[in-house]
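We count ligands from 1, going down the list as the structure has it; atoms in each ligand are counted the same way. For this chain, numbers begin at 1 and follow the sequence in order.
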Amino acid sequence: MCGIIGYIGDQPANEVIFDGLTRLEYRGYDSAGIAVLDGGRIVLAKDVGKLRHLREILVTNFPSRASPGIGHTRWATHGRPSSFNAHPHGDCRGTLMVAHNGIIENYMKLKRALTAAGHVFQSETDTEVLAHLIESHYQGDLEAAVLKALADVEGAYALVVLHRDHPDQLVCVRKESPLIVGLGRGEQFIASDVTAIMQHTRQVVYLENGEGAVVRRDGVTFFDLAGRHLAKTPTTLDWNPVAAEKGGFPHFMLKEIYEQPQVIRNTIGGRTSEEEGKIYLTELGLSGPDIFRTQRIVMVGCGTAFYAGCVGKYLIEQLVRVPVECDLASEFRYRQPLVDGNTLVVAISQSGETADTLAAVREARARGAKVLGIVNAKESSLTREVDGLVYIHAGPEIGVASTKAYIGMLTAQVLLALLLGKIRGVLDTAFVQQTIRDLKVLPQLIERLLADTSGIRALAEKFKDARNFLYLGRGINFPTAMEGALKLKEISYIHAEAYAAGEMKHGPIALIDKDLPVMAIAANQGAYDKLVSNLKEVQARSGTVIAVASERNEEIRHVTEYVIPIPDCPDILSPILSVIPLQLFAYYVADLRGLDVDQPRNLAKSVTVE
Ligand code: F6R
């Protein structure tokens, strides 16, 4: 994930910044850059690949004592990893530099207008638009120019600006993407992540959405997007460096659960036009004829990625009206699968390195199928073996139990289903527009859910000593039940089994007694009444039911002992929301049992062997 650092003070900016970028390396990146102000001119160094490449430029050919400066590590979204696309990005005349995290959603429109006004672009990035936009509004006051530019911008950003005519300041602003200001004596810092600067200062100010700062050597002034001055109180960090990498969370898994709203924003960012009701998946690698020729879609993956594909089946069959099968990659590769030139195989993987998934992809291609990858890790093996890609932009996932990648996979599949459904004439523009609107609201609903997890923790406390768990769901909620059960068993070592609720009476009902808690996913309305009947069957046999259900559903309380309320959302998006309480439940149970949440026994993050 991208990282930002800014420095103003008496130390050599390039050293402070390079050191900070090194501390952000664990977040993953594909290129990096630093710009400093040296005697009235901006000097820039950037390169693709690891920081040691940048280091070589800095030691041979870079002003060693200059300040202020800004730096960035990039995780490509718009435009491939290259030194041109690496940040910082400048304007036409080399007067300013911008480093940016996030996605400018209307950058194409802005770029067209700026190009028509004579601006010349050097990169394929959305960020460069910001540099030219600030240039076009600049009349001697940098803060004013940044604010005017941002008034035209839609999307998410954390940005820092360095200007040739303002050696005494850096200007930074955030909306959606995190940004902090670190306070020192005669020196100040800006960073997207405390890890980058905590060796210099423990006094930090967290910028909220729509807040910015003018950062000078001897002090900082804060403002909002309307230009009003703000009083902000610094926080003193008492984290050690490891805790800082976890952003103050006790475990990576919990941090990653809390990153999920941002993952949705990243996955949809720059890929939707609400106005036109269109989806843009630029690396899809499928032509119009490919899409029309598709008679069958096969989703392949392992573990969590497989369950994501099972949700995809429901989405695609409903929105594209093409038959979809789901296959475990480890099964698909050995059973002489019936795929051909009219089959689209969708391979889903967080790491892009899972041996079984890679083998399934090779098998599918050898049989003439087109293969599309839904992948998180950039430049991973899978990305080089597929015909097309939809990156999920979830950033590095460090906790072994996959959480945020799953949310990215589901979101990417919604985009894919909308795109295919629209092209094949199944969906009309109004439906796509409405679903884009619904997708954009989803991060806020998740933030609401994450704001108070005490109820889920209390349930975890109650059930942490259970020996078995049954997870039930119907329709699109069934894969959610499977994913919830997987989360519980892999990190808490409690045996958990998932069933399609309607199937319960065909066998598993024999297991129900007072010692078998049942987690029911009752989020959407589709087959809700049927599910309620199944839960009554559990109740009648003294089983204990916990239901994940809409916060407006009063009735469910009559058939279940416990309810985990979640906000309402349209049925097709509900799997994105309803899995989150299950992730949290598994997390709290494992933590309360004193287990190693981030590195559960016997498991590896990336399974590169059969
Ligand atoms: C579960 C988990 C695994 C992975 C599976 C596939 O939490 O992490 O089940 O989902 O090993 O990994 P990727 O997605 O990297 O192919």
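- For Gln413, there are no side chain to side chain donor-acceptor pair (under 3.5 Å) partners two or more places apart in sequence or in a different chain.
- Here the shortest heavy-atom pairing between Leu445 and Pro567 reads O-CG, 3.7 Å.
- Remark: distances from the non-hydrogen atoms of Val400 to ligand 1 include one below 4.0 Å.
- Under a 4.0 angstrom heavy-atom cut-off, Lys487 registers as being in contact with ligand 1.
- For ligand 1 and Ala305, the ligand atoms under 4.0 Å from any heavy atom of the residue are 10 (O), 14 (O).
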Inset, instruction - Given side chain to side chain donor-acceptor pair (under 3.5 Å), test Thr453 with Tyr588 step by step and report yes or no. - result: CA-CA 10 Å; Thr453 60; Tyr588 286 129; 2.7 Å; yes
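- At a 4.0 Å heavy-atom cut-off, ligand 1 touches Thr304 through backbone and side chain alike.
- Heavy-atom proximity to atom 16 (O) of ligand 1, evaluated over Ile348, Thr354, Asn376, Asp356, is greatest for Thr354.
- Put simply, the residue from Ile546, Leu488, Val518, Asn477 that forms a side-chain contact (heavy atoms from CB on, under 4.5 Å) with Tyr471 is Leu488.
- Not one N or O of Thr357 is nearer than 3.5 Å to an N or O of ligand 1, by distance alone.
- If you number the atoms of ligand 1 from 1 as listed, the ones under 4.0 Å from a heavy atom of Ser351 come out as 13 (P), 15 (O), 16 (O).
- Checked by distance only, ligand 1 and Ala401 stay at 3.5 Å or farther apart across all their nitrogen or oxygen atoms.
- Partners of His72 under the ring-ring contact (aromatic ring centres under 6.0 Å, His included) rule, at least two apart in sequence or in another chain, are His87.
- Taking the ring axis of Tyr493 as reference, the NZ or CZ atom of Arg593 does not stay both within 45° of it and closer than 6.0 Å to the ring centre.
- Which parts of ligand 1 touch Gln350 is read off a 4.0 Å heavy-atom cut-off, strictly below it: atoms 13 (P), 14 (O), 15 (O), 16 (O).
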